[in-house]
Amino acid sequence: MDPQEFRNKAVIVTGGGSGIGKAAALAFSRLGASVVVANRNREAGERTVGEIRGREGIAEFQRTDVTSSTDIQSLVRFAIGRFGRIDIAFNNAACQEERTLIADQEDRMFDHIFHTNARSVFFCMKYEIRAMLESGGGVIINNASVSGIRNSNPGLSLYSASKSAVISLTKSAAMEYTRKGIRINAIVPGRVETPMMLGSRIADMSAVAEGLPIGRLGRPGEIAQAVVWLASGDASFIAGHALVTDGGFLST
């Protein structure tokens, strides 16, 4: 890939304060992009921006609650106001419920998980697509999960269902907008060393790693490289795809 693949391109990354989102923001910056880091936690988001600027990259922070349509509209306006357009968006922010079986789950948790993981992707795509149509096109990558394809963890039904919805939304949006110049795909990570994964209480992480064909957990930077590839010209014929990056999890 050209080391300046994304020079003069403007990128939005939601959930850019940690984990895969932070790794993606750094990766896009290293390839010349100007990055808007969106995050609910201001301190974490500004820390990512500080790291990018410390490497002489260009980045801005916008505090964003992805469950808020108003916040997403403000994020899109901010990115356009700062960089003139949005070329790439990585809709990454998500959360996971504490492990609870369905019959014991609180009703409010359904709304919380689906608002954060699925409705937020709808909001993000809605306003990103509008902006990209006005500027001539772009690329959107949504962060799903292998749990959206196959859930092997009792107690995480809501997270898994919400990530299935992300995959479905991605495919539908790609069908509607690819011919209008907007490529839309999903990344489907497996077991990755992120704060969410490490706090999931699924099992001892060494046991989780041992159960994968590759024999280890993934690293955020590895998923970020797949995101960057999907956004690049090298993936110009890829649309409506859910790219699995799971160390072989789904093959077991």
Has the side chain of Asn41 got a donor or acceptor atom that lies under 3.5 Å from a matching backbone atom of Ala44? yes
With sequence neighbours excluded, what pairs up with Ala38 under the side-chain contact (heavy atoms from CB on, under 4.5 Å) test? Thr14, Thr64, Leu75
Nearest atoms (heavy-atom pairs only) where Thr48 meets Ala25: CG2-CB, 4.0 Å
Hey, is the main chain of Gly240 close enough, under 3.5 Å, to the side chain of Asn185 for a donor-acceptor pair? yes
Roughly how far apart are Ile214 CD1 and Arg191 CZ, rounded to 0.5 Å? 14.5 Å
Atom pair OG/CZ of Ser120 and Phe114 - distance to nearest 0.5 Å: 11.5 Å
Hey, could you give me the NZ/CD1 distance between Lys180 and Ile129, rounded to the nearest 0.5 Å? 9.5 Å
Single-linkage hydrophobic cluster, 4.5 Å side-chain cutoff, Val227 and Val192 together: yes
Measure the CZ-OG distance between Arg150 and Ser145 for me, rounded to the nearest 0.5 Å. 11.0 Å
Residues pairing under ring-ring contact (aromatic ring centres under 6.0 Å, His included) where one sits in residues 51-103, two or more places apart or in two chains, turn out to be none
Sequence neighbours excluded, which residues qualify as side-chain contact (heavy atoms from CB on, under 4.5 Å) partners of Met109? Glu97, Gln105, His112, Ile113, Leu158
Strictly distance-based, threshold 3.5 Å: is any side-chain N or O of Ser172 a donor or acceptor partner for the main-chain N or O of Leu169? no
Could you check if a side-chain atom of Trp229 sits within less than 4.5 angstrom of a side-chain atom of Leu243, using non-hydrogen atoms only? yes
Distance-only check: which donor-acceptor pairs under 3.5 Å involve side-chain atoms of residues 2-11, not counting sequence neighbours?
residue: Asp2; atom: OD1; partner: Gln4; partner atom: N; Å: 2.8
residue: Glu5; atom: OE2; partner: Gly233; partner atom: N; Å: 3.0

Heavy-atom donor-acceptor pair, Asn142 side chain to Thr170 backbone, under 3.5 Å: no
Does Lys126 reach the side chain of Arg130, with side-chain heavy atoms less than 4.5 Å apart? yes
Quick one: which residue pairs count as a salt bridge (charged side-chain N to carboxylate O under 4.0 Å, His left out) with a foot in residues 50-59, not counting sequence neighbours? Lys22-Glu51, Arg53-Glu60
Listing request: all side-chain hydrogen bond (donor to acceptor under 3.5 Å, both in side chains) pairs with a residue in residues 156-167, at least two apart in sequence or in separate chains. Asn117-Ser162, Asn151-Ser160
Per-pair distances, 0.1 Å, donor-acceptor, side chain in residues 216-223, under 3.5 Å, sequence neighbours excluded:
residue: Arg216; atom: NH1; partner: Glu222; partner atom: OE1; Å: 3.1
residue: Arg216; atom: NH2; partner: Glu222; partner atom: OE2; Å: 2.7
residue: Arg219; atom: NH2; partner: Glu222; partner atom: OE2; Å: 3.1
residue: Glu222; atom: OE1; partner: Arg219; partner atom: N; Å: 2.9

Is the closest side-chain heavy-atom distance between Ile187 and Pro189 below 4.5 Å? yes
Distance (rounded to the nearest 0.5 Å) between Glu43 CD and Arg63 CZ: 13.0 Å
Would you check if Lys171 and Ser168 make a side-chain contact, meaning some heavy-atom pair closer than 4.5 Å? no
Test item: Asp246 side-chain N/O and Phe249 main-chain N/O as donor-acceptor pair under 3.5 Å: yes
Just jot down the side-chain contact (heavy atoms from CB on, under 4.5 Å) partners of Ile80, sequence neighbours excluded, or say none. Val76, Ile86, Ala131
Find out whether Ile182 and Leu133 are in side-chain contact, i.e. whether some heavy atom of one side chain is under 4.5 Å from a heavy atom of the other. yes
Would you indicate whether the side-chain heavy atoms of Ile149 and Val188 approach each other to under 4.5 Å? yes
Between the side chains of Glu46 and Asn39, is a donor N or O closer than 3.5 angstrom to an acceptor N or O? no
For Tyr127, enumerate each residue passing the ring-ring contact (aromatic ring centres under 6.0 Å, His included) test, keeping only those at least two apart in sequence or located in another chain. none
Quick one: SG on Cys124 to CD1 on Ile12, what's the gap to the nearest 0.5 Å? 8.0 Å
Measure from the side-chain N and O atoms of Arg183 to the backbone N and O of Leu230, and report whether any donor-acceptor pair falls under 3.5 Å. yes
Whether the side chain of Thr67 engages the backbone of Asp65 through a donor-acceptor N/O pair (distance < 3.5 Å, no angle test) should be reported. no
Which hydrophobic side chains are connected to Leu101, either touching it within the sub-4.5 Å cutoff or through other members that do? none
Quick one: side-chain contact (heavy atoms from CB on, under 4.5 Å) partners of Ala174, sequence neighbours excluded? Thr178, Ile184
Determine the sole option in Ile52, Ile58, Asp87 for which the side chain to side chain contact (heavy atoms under 4.5 Å, CB included) test with Ser34 is passed. Ile58
Hydrophobic cluster (4.5 angstrom, side-chain heavy atoms) - remaining members for Ile102: none
Could you check if a side-chain atom of Asn143 sits within less than 4.5 angstrom of a side-chain atom of Ile20, using non-hydrogen atoms only? yes
